[in-house]
Amino acid sequence: MSSTQHVLLSPAELAYLHASLSLTPPIRPDGRSPSQFRPLVAETGILPGTNGSARICFADGTEAIVGVKAEVERTRLAHDFDHNTFAAGSRLEGDFVEGSYAADAQVDAENVNEEQRVGDDDWVELTVEIPGYRDDDPGTVFLARMLGEALLADGEFARKLWINRRFHWKLFLDVILISPPLSYPLPLLSLTTHLALLSTRLPRLKSEGDEDPFFDDDWAAAPFIYSRNSSNSSSSSSSTTKDGKTSTTSRPPISLLVMAVGNNIIFDPSKEELAVADVALAVSVGEAPSAAAARGKDAMDVDTTTQDGLQRNLQILSVRTIDPPSRLTPPGVPNATNSAYGAAAVVASAQKQPEARAAESEAVEGVWKAPRGGARARVMAALVLEVLGRGGVADEVMDALDGVDLV
Amino acid sequence: MPLDTSAYSLALLRVDGRRWNELRRIHAQIRTQAAADGSSYLEMGHTKVMCVVNGPSEPGPRRGGVGGTSAAGSGGGGGQSKDAEVAVSVVVAGFSSVDRKRRGKNDKRILELQSTISSALGASLHTHLFPHSTISISLHVLSLDGSLLAALINAATLACVDAGIPMTDYVAACTAGSTSTYAANDESADPLLDLNHQEEQELPGLTVATLGDSDRVAVLVCESRVQVGRLEGMLAVGVDGCKQVRGIIDRVVRDKGRRMLQEGTVEKGVGLEDMDLD
C-alpha cells in the first residue's frame, strides 16, 4: 500500500538523492541530521466519549486520531488451566456455598494478586482505517497487525486488562488516518496509539475478588492503564510489587520507521528519502521490565539515586522489513550501454530486453539501480545501537512524548 | 431508555433543556489539516465531524481507492465525463457512539449518506468547470449524537469552501422533528429543531438542507413515519434552522478569511483597506 507509493522522481534524481544520503554524514534533502525527527503537533483527551484518545499531526501534514474504548467481558475459564483449579474444585463439592466462595476469592486476591493476573491477546482489538482503502486491504491489515503485535509483545499489556478471574476488560483501539496517506503512516499511527493509551483510563474497581465487577462512577478517580509518573517508572513499579518478582512497564511501545542507505541509518524518512531506501524497517521499541527492579528494592533505590531515575530500560520488541517503494523504481541506463551516447557494441539480444539487461548489469557509479536484498548484519547492529543506546533515538522520542499533557 | 415526552408540555423544555426552536451549540473550524486541499471540523452539540477534501484532481486508482470509487456515491459522472465526479467516503469511527460499534464501509446506511451528500454538493459545486476529474471528500465521524447527515453536509460545505472549489452557495443543513411520536397521533404536536440522538430514536424527524439564504431545498430526507399534517410545520422549522446554520457557517468562513489576511497567509499586494471585510 502506501509504502509502495510511487514518488515521481527520475532515475537521475534518485541516484543523486541516494548518493547524498550515503555520504558520511548523510545530507538529507531537508537538512536534518540522520536521527532528527520532524516536528509534530500532539494532543490527548480530545474525545470525552472515549476511555482515551489522541491526535497527532506530522509536519508533512498527515494526521491521525486514535480512540480507545473499553468494555467488560466475561473471561472464558476453560482457556487457562492454571486458574481452573478453583472452578474444578467447586464442581466436585456439591454443597459449595456462595459465602465460602467469596471468602476464598478474597484470600486468593490477597496473596496471588500479581500471579493471578493473566492476559490474553484477544482482549485487545486494533483496527486501522485509512481513507480510500478497503477494510481488508492487505497493507491496512498488515499495519494493524504490526501495531498490535508490538503492543502485545511483552505480554504485560493484556495483563493490565484483568479484572478478576471471571471478567476482563476488552479494549478496542480504533486508529483513523484523517489525511490522505502521503508517506508510510506507521510511525504516525504508532505514536498516536501510544499517546492514546497513555491517556486511557479505566473506571476504578469497587468490587472485590471474583464478584461481578462493580465500578466507581467517579471518573476523576479512574486510574490510568499506564501509570503516569513515567520518569521514575522503574522505581514505582518495584515498590508496588511485594516480592519484586513482577514489574510492570509504564508506557506502551512505539514503532519507528527506519531506513538504511549504504551504511547510514536514517530515522523518520520523508517520502522522497524512502524512495531511495536500500532497506526500510519497522522497529518496535518498548520499555523492558527493568532488571534492577528484579534485584530488589534496595538495589533499585541506589540505582535511581545515582542515575537520577532517568534511565529507561529499553528493548527492541520486533523488527520487520517493509517493502520500500525504491524496489519498484525504474533503473537508469549507463552511458556505456546507451546507444544514444554512441555505445556501438550493443549486443543484439540485450537490445530486445533492455530492462532485463539494465537489471542484470553491474552497478555503475552515479547510475540509479533499484536496490535488492535485505538488511545487512552490520546495518542491523548499528541500528540496535542507535535506537537503544543511552540518549538514543527511542529515549529521545519517549522524552518528547512525555512533554505532551495528558488530559 | 425510552424518551419521556410527557414532560414537554409542562415546561416546553426538551430533554437537554432546549426550547423547540433552539439549535445546539455549533462550533466549526476550517483549514485544520495542512496536507489536504480543504479541511474542516464541525461540532453540532456532541456530534463531531472532520472533513478532508482533495481535488479537483485527476481520477487515479489511488484517489478514492479501489473500493472507494464503486462504494462512494458519485454526484457527477465518471472520470471520462464532462463534469467532475464528487466522490464521498464516510467513515464512522468505532468509538463514536456510546457502545463501541464498528461499521463496515459497505454498510447500507453509510452508502446512502454518501450518495446523498455527493448529489447535494454535486449540485452546488460548479463541477462543469473540472471535466475528467474527481473531487474526493472524506468525512470522519468522531462522535455521534444525532443529526449526523446535517453535520456531514455542513462540514463538507465548509471543506469545499476551504478547498476553493467554485460553488453557487453554501449548502446548510439541519434536522427538524415533532414533539410526539407517530403512534401518539397528537394533533397539537409542536415541531422541534435540531434533534439529538435520543430524540432521533423516538420521534419522527427529517433532515433538510437549503441553498444559501434562499428557501430552496437541496436535500430532504425523512426516514420515519409522520402524519402528513405535521410535515409542513417540521419543514418550515427545518428551513428556518438551515438559515441560522448558514449564518454560523458564513461567520466561520469570514473569520478565518480575515485572520488569514491579517496574518499574511495571502499574498501581499491586496491591501487590507481595499477589501471589504464585512
Side-chain angles (χ1 to χ4, degrees), chain A residues 1-2 4-6 40-41 46-55 57-73 125-140 169-183 185 188 196 200 271, chain B residues 31-41 43 46-55 57 60-72 87-107 134 136-145 159 197:
Chain A
M1 55 163 287
S2 342
T4 54
Q5 199 178 304
H6 281 284
L40 56 82
V41 178
I46 50 164
L47 298 166
T50 58
N51 287 71
S53 59
R55 163 177 171 265
C57 296
F58 266 19
D60 60 356
T62 50
E63 180 181 7
I65 288 183
V66 173
V68 182
K69 277 256 187 198
E71 282 173 16
V72 174
E73 208 178 55
E125 196 178 310
L126 194 144
T127 56
V128 175
E129 194 90 55
I130 292 175
Y133 287 89
R134 292 163 57 105
D135 295 341
D136 53 357
D137 184 272
T140 315
W169 288 107
K170 170 122 186 173
L171 216 58
F172 297 95
L173 288 111
D174 290 286
V175 183
I176 299 182
L177 190 67
I178 300 287
S179 61
L182 293 178
S183 55
L188 172 68
T200 300
K271 186 170 66 164
Chain B
R31 199 161 284 232
T32 51
Q33 223 261 302
D37 293 327
S39 53
S40 68
Y41 171 72
E43 286 178 13
H46 289 301
T47 302
K48 296 173 186 174
V49 175
M50 262 186 159
C51 180
V52 169
V53 171
N54 273 297
S57 61
R62 227 190 53 69
R63 287 282 161 102
V66 186
T69 329
S70 57
V88 179
S89 80
V90 175
V91 174
V92 181
F95 50 76
S96 58
S97 42
V98 176
D99 290 318
R100 195 256 183 196
K101 185 180 165 201
R102 186 159 152 77
R103 270 162 265 233
K105 288 220 168 99
N106 290 324
D107 190 318
T134 302
S136 66
I137 302 175
S138 60
L139 289 148
H140 302 267
V141 182
L142 303 179
S143 177
L144 200 50
D145 186 27
H197 179 70

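No hydrogens, no waters, no symmetry mates; every other heavy atom, side chains included, goes into these values. Just so it is clear, the structure is predicted and the values come from calculations on it, not from any experiment. The sequence lines fix the lettering, A, B, ..., with proteins before strands; numbering per chain opens at 1.
Between chain A and the options B/Leu144, B/Val98, B/Asp145, heavy-atom pairs under 4.5 Å are most frequent for B/Val98. Taking B/Thr32, B/Asp99, B/Val91 one by one and counting their heavy-atom pairs under 4.5 Å with chain A, the maximum is reached by B/Val91.
Contact check for B/Gln33 versus A/Pro180: side-chain heavy atoms found under the 4.5 Å cut-off.
Proximity to chain B (any heavy atom under 4.5 Å) is restricted, for A/Val66, to the backbone atoms N, CA, C and O. For A/Glu63, the parts lying near chain B are the backbone and the side chain together; criterion is any non-hydrogen pair under 4.5 Å. The part of A/Ile176 that comes within reach of chain B is its side chain, from C-beta onward, which places non-hydrogen atoms under 4.5 angstrom from that chain.
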Determine whether A/Asp174 and B/Arg100 satisfy the following criterion, side chain to side chain contact (heavy atoms under 4.5 Å, CB included), listing intermediate values before the conclusion. CA-CA 10 Å; A/Asp174 290 286; B/Arg100 195 256 183 196; 2.8 Å; yes
Salt bridge (charged side-chain N to carboxylate O under 4.0 Å, His left out) between A/Glu129 and B/Arg103: does it pass, once the steps are laid out? CA-CA 11 Å; A/Glu129 194 90 55; B/Arg103 270 162 265 233; over 6 Å; no
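Between the side chain of B/Ser143 and the main chain of B/His46, a donor-acceptor pair closer than 3.5 Å is present. Proximity of a side-chain donor or acceptor of A/Thr62 to a complementary backbone N or O of A/Ser179 within less than 3.5 Å is not detected. Side chain of B/Asn54 to backbone of B/Ser136: no donor-acceptor contact under 3.5 angstrom is found.
The minimum heavy-atom distance between A/Ile46 and B/Lys48, with the atom names listed, is O-NZ, 4.4 Å.
Residues of residues 47-54 of chain A placed with any heavy atom under 4.5 Å of a heavy atom in chain B are listed by number as A/Leu47, A/Pro48, A/Thr50.
Shown here are the salt bridge (Lys or Arg N to Asp or Glu O under 4.0 Å) partners of B/Glu43, two or more places apart in sequence or in another chain: B/Arg25.
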